[in-house]
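Notes to accompany the following structure.
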Amino acid sequence: MAFCYINSPLGITKIVGDNDGISEVCVLNSEVQTSAIIPLELQDCVTQLEAYFNGERKAFQLKLNPKGTVFQKKVWALLQNIPAGKTLSYLELSKQLGDPKAIRAVANANGKNPLWIIIPCHRVIGSDGSLTGYAGGLYRKQWLLNHENPNKQQSLF
């Protein structure tokens with residue numbers, strides 16, 4: 001497995017993967033040295049993340065290889081269908097899976113997403129429109145949703 005650390009507007013980001021695909025992208029809550037050399041198998045991911053943060057990319061085209069259960073992978077597949085600038089509730093996701101009572105299981109799978117931003121778990125909100133749990137911190141979730149929203153509010157002052 002190759003790995004690297006890059007800067008992002010939300011903190012140092014760790015990327016892990018190999019020729020089978022990207023298996024982990026996470027934001028760290030601590031400072032580590034960024035990578036001077038990006039391994040070849042991670043370069044496309046780094047380029048696409050930089051384009052995303054620069055507002056030049058809304059979706060990712062990467063070979064992914066996340067580790068998880070069959071159920072988690074089903075949830076993660078659904079998350080990839082939520083377009084940038086849109087949100088979906090945990091209830092709506094559980095209904096898409098065919099079991100409206102699976103809200104907690106869906107939320108748990110969402111929280112175990114190993115591919116921060118790439119699989120957009122930040123686009124899932126509470127049924128009442130509230131920001132709920134986010135492994136990277138709610139301020140990061142809010143930042144990502146604001147970054148992706150095509151109808152940004154303009155300040156009056």
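When a residue number appears, it is its place in the shown sequence, counting from 1.
- The shortest side-chain heavy-atom distance between Val75 and Leu78 does not fall under the 4.5 Å cut-off.
- Trp76 and Val124 end up in the same hydrophobic cluster when Ile, Leu, Val, Met, Phe, Trp and Tyr side chains are linked at under 4.5 Å.
- Put simply, Val46 and Phe3 are part of two different groups of oily side chains (I, L, V, M, F, W, Y) that touch within less than 4.5 Å, one to the next.
- Annotation: side chain of Thr13 is not in contact with side chain of Leu28 (no heavy-atom distance under 4.5 Å).
- Taking 4.5 Å as the limit, every side-chain heavy atom of Tyr52 sits out of range of all side-chain heavy atoms of Thr47.
- Using a 4.5 Å cut-off between side-chain heavy atoms of Ile, Leu, Val, Met, Phe, Trp and Tyr, with links allowed through other members, Val16 and Ile38 fall into different hydrophobic clusters.
- Between the CZ atom in Phe71 and the CG atom in Asp99 there is a gap of 8.0 Å [rounded to 0.5 Å].
- Ile103 and Ser94 get closest at one heavy-atom pair: CG1-OG, 3.6 Å.
- Side-chain contact check for Val25 versus Ile117: every heavy-atom pair is 4.5 Å or farther apart.
- A distance-only check finds a donor-acceptor pair linking the side chain of Gln72 to the backbone of Thr69 [under 3.5 Å].
- Closest approach of Pro100 to Lys95, counting heavy atoms only: CB-CG, 4.0 Å.
- The same ILVMFWY cluster, assembled from side-chain heavy atoms under 4.5 Å apart, contains both Phe60 and Leu42.
- Judged purely by atom type and a 3.5 angstrom limit, Lys63 uses its side chain to pair as donor or acceptor with the backbone of Asn19.
- With rounding to the nearest 0.5 Å, the separation of CG in Asn65 from CD in Glu24 is 12.0 Å.
- Taking CD from Gln80 and CD1 from Ile119, the interatomic distance works out to 4.5 Å, rounded to the nearest 0.5 Å.
- Ile125 places none of its side-chain heavy atoms less than 4.5 Å from the side chain of Thr132.
- No side-chain donor from either of Glu50 and Asn54 sits under 3.5 Å from a side-chain acceptor of the other.
- Inter-residue side-chain proximity for Ser23 and Pro114 is flagged as unmet; no heavy-atom pair is nearer than 4.5 Å.
- In this structure a side-chain-to-backbone donor-acceptor pair under 3.5 Å is present from Ser8 to Leu10.
- Closest heavy-atom contact between Lys73 and Gly68: CE-O, 3.4 Å.
- If you chain together hydrophobic residues whose side chains sit under 4.5 Å apart, Trp143 and Leu138 fall into the same group.
- Between the CG atom in Asn7 and the CG atom in Leu49 there is a gap of 12.5 Å [rounded to 0.5 Å].
- Atom CG of Leu79 and atom NZ of Lys74 lie 14.5 Å apart (nearest 0.5 Å).
- Scanning all heavy atoms of the two residues, the minimum distance from Pro66 to Leu115 falls at CB-CD1, 3.8 Å.
- Between Phe53 and His147, the angle of the ring planes lies from 30° to 60°, which puts this pair in the tilted group.
- For the salt bridge (charged side-chain N to carboxylate O under 4.0 Å, His left out) condition, the pairs that include at least one residue of residues 121-144, sequence neighbours left out, are Arg123-Glu148.
- The minimum heavy-atom distance linking Gln48 with Ala59 is given by the pair OE1-O, 4.5 Å.
- With a 6.0 Å radius and a threshold of 12 heavy atoms from other residues, nucleotides or ligands, Glu56 has its CD atom above the threshold.
- Using modelled atom types, one finds a donor on one side chain and an acceptor on the other under 3.5 Å when comparing Ser89 with Glu92.
- Residue Ile12 holds its CD1 atom at 5.0 Å from CD of Glu31, rounded to the nearest 0.5 Å.
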